[in-house]
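Naming convention: chains lettered A, B, ... in sequence-line order (proteins, then strands); numbering from 1 in each chain.
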There are 2 protein chains.
Amino acid sequence: MSLEEGINLENTKAQMRKGLLEYCILSVISRQKAYASDILAALKKADLLVVEGTLYPLLSRLKNAGLLNYHWQESKSGPPRKYYELTVSGRNMLKQLDDTWKNLQSSINALLKTRL
Amino acid sequence: MSLEEGINLENTKAQMRKGLLEYCILSVISRQKAYASDILAALKKADLLVVEGTLYPLLSRLKNAGLLNYHWQESKSGPPRKYYELTVSGRNMLKQLDDTWKNLQSSINALLKTRL
DNA sequence: ACCAGCTACCTTTTTATACAAGGTAGTATA
DNA sequence: TATACTACCTTGTATAAAAAGGTAGCTGGT
């Protein structure tokens with residue numbers, strides 16, 4: 001049985017967020033090394049809700065693309081954590097995404113202005 | 001055989017654009033009724049490249065969601081065209097997406113600022 | 001009166017990926 | 001030593017973009 005969601009506001013909002021996920025994750029990690037829960041918390045704070053099932057595969061893809069590295073680190077209160085940090089290649093990617101994001105905002109806002 | 005695209009700049013840029021497609025299409029149509037080629041041209045002008053195979057199904061979904069109507073209109077130079085326009089419901093959706101887009105920009109830009 | 005080319009519509013197939021749900025295991029604490 | 005908690009990861013499902021191909025109306029040249 002299909003859920004037949006179709007198009008609605010929540011769905012469309014979610015789509016908008018999705019496209020910016022990679023960019024935001026790289027940005028969060030660029031501040032300082034971070035493990036999954038750190039990233040989830042930072043994104044949540046910015047109203048970019050993401051769940052574990054989305055984040056873990058995405059971190060793996062970013063790692064496989066050579067944009068991230070990780071190292072294990074023990075925790076004082078629980079199992080060891082995988083701390084991610086940006087590679088050189090990751091920093092370059094982030095710089096380019098900064099431009100992309102700026103340009104995208106300009107393009108969209110220009111398109112919207114033609115409505116006035 | 002898989003193409004094994006993985007993560008790269010072009011792919012990530014494309015993702016960013018995707019999430020904003022519905023919003024932009026509604027915005028373009030809100031200016032004045034438009035048919036597929038009008039919409040493609042407007043999006044292209046804003047560097048939001050989209051192909052027919054993406055646009056037609058999306059217009060159908062927007063129509064089925066009650067956000068758009070269309071009427072046929074003859075052309076002086078070719079086959080008849082399907083001109084789309086926003087329904088009341090479509091205008092409401094667009095208003096809400098305006099807010100969503102503003103909020104999304106604020107959230108992301110706030111997140112990015114913590115890097116400085 | 002035909003046919004080549006253009007415009008416009010739409011569908012099918014493939015691929016990517018977000019999310020829900022569930023699974024494994026290390027650590028702390030009562 | 002058992003329960004709760006944290007952290008990792010995987011599997012299954014649904015959505016949707018894009019590539020490619022298909023149908024048909026209309027125009028203009030011969």
Notebook entry, point to check: Side-chain N or O of A/Gln15 less than 4.0 angstrom from OP1 or OP2 on C/dA18?
Noted result: no
Next item on the list: Report yes if a side-chain nitrogen or oxygen of B/Asn11 is closer than 4.0 Å to either non-bridging phosphate oxygen (OP1 or OP2) of D/dA17; otherwise report no.
Entry: no
Which protein N or O atoms sit under 3.5 Å from an N or O of nucleotides 7-12 of chain C?
residue, atom, partner, partner atom, Å
C/dA8, OP1, B/Tyr35, OH, 2.7
C/dA8, OP1, B/Arg81, NE, 2.8
C/dA8, OP1, B/Arg81, NH2, 2.7
C/dA8, OP2, B/Tyr35, OH, 3.4
C/dA8, OP2, B/Ser37, OG, 3.3
C/dC9, OP1, B/Lys82, N, 2.9
C/dC9, OP2, B/Tyr56, OH, 2.6
C/dC9, O5', B/Tyr56, OH, 3.3
C/dC9, N4, B/Glu52, OE1, 3.1
C/dC10, OP1, B/Lys82, NZ, 2.2
C/dC10, N4, B/Glu52, OE1, 3.3

Checklist line | Side-chain ion pair, A/Asp38 and A/Arg31, N-O less than 4.0 Å | finding: no
Atom-pair distance ([atom1] on [X]; [atom2] on [N]), nearest Å:
| X | N | atom1 | atom2 | value |
| --- | --- | --- | --- | --- |
| B/Ile25 | D/dA17 | CD1 | C1' | 12 Å |
| B/Gln73 | D/dG25 | CD | P | 19 Å |
| A/Leu58 | D/dT10 | CG | C1' | 16 Å |
| A/Leu48 | C/dC19 | CG | P | 11 Å |
| A/Leu55 | D/dA7 | CG | C1' | 12 Å |
| B/Leu20 | D/dA17 | CG | P | 12 Å |
| B/Arg61 | D/dA14 | CZ | C1' | 13 Å |
| A/Lys18 | C/dA18 | NZ | C1' | 5 Å |

Next item on the list: Examine the side chains of B/Asn109 and A/Gln105 and answer whether a donor and an acceptor come within less than 3.5 Å of each other.
Entry: yes
Next item on the list: Step by step, work out the side chain to side chain contact (heavy atoms under 4.5 Å, CB included) result for B/Leu26 and B/Leu68.
Entry: CA-CA 9 Å; B/Leu26 290 176; B/Leu68 297 181; 4.0 Å; yes
Note to self: Ring-plane angle category for A/His71 and A/Tyr83, please: parallel below 30°, perpendicular beyond 60°, tilted otherwise.
What the structure shows: parallel
Notebook entry, point to check: Looking only at heavy atoms, what is the nearest atom pair of B/Leu112 and A/Tyr23, with distance?
Noted result: CD1-OH, 3.3 Å
Note to self: A side-chain contact here means heavy atoms from C-beta on lying under 4.5 Å apart; do B/Met16 and A/Leu97 qualify?
What the structure shows: yes
Next item on the list: Between A/Glu74 and A/Val51, name the one whose nearest nucleotide on DNA chain C is closer to the 5' end.
Entry: A/Val51
Next item on the list: Sort out for me which residue in B/Val50, B/Leu67, B/Leu43 forms a side-chain contact (heavy atoms from CB on, under 4.5 Å) with B/Ile25.
Entry: B/Leu43
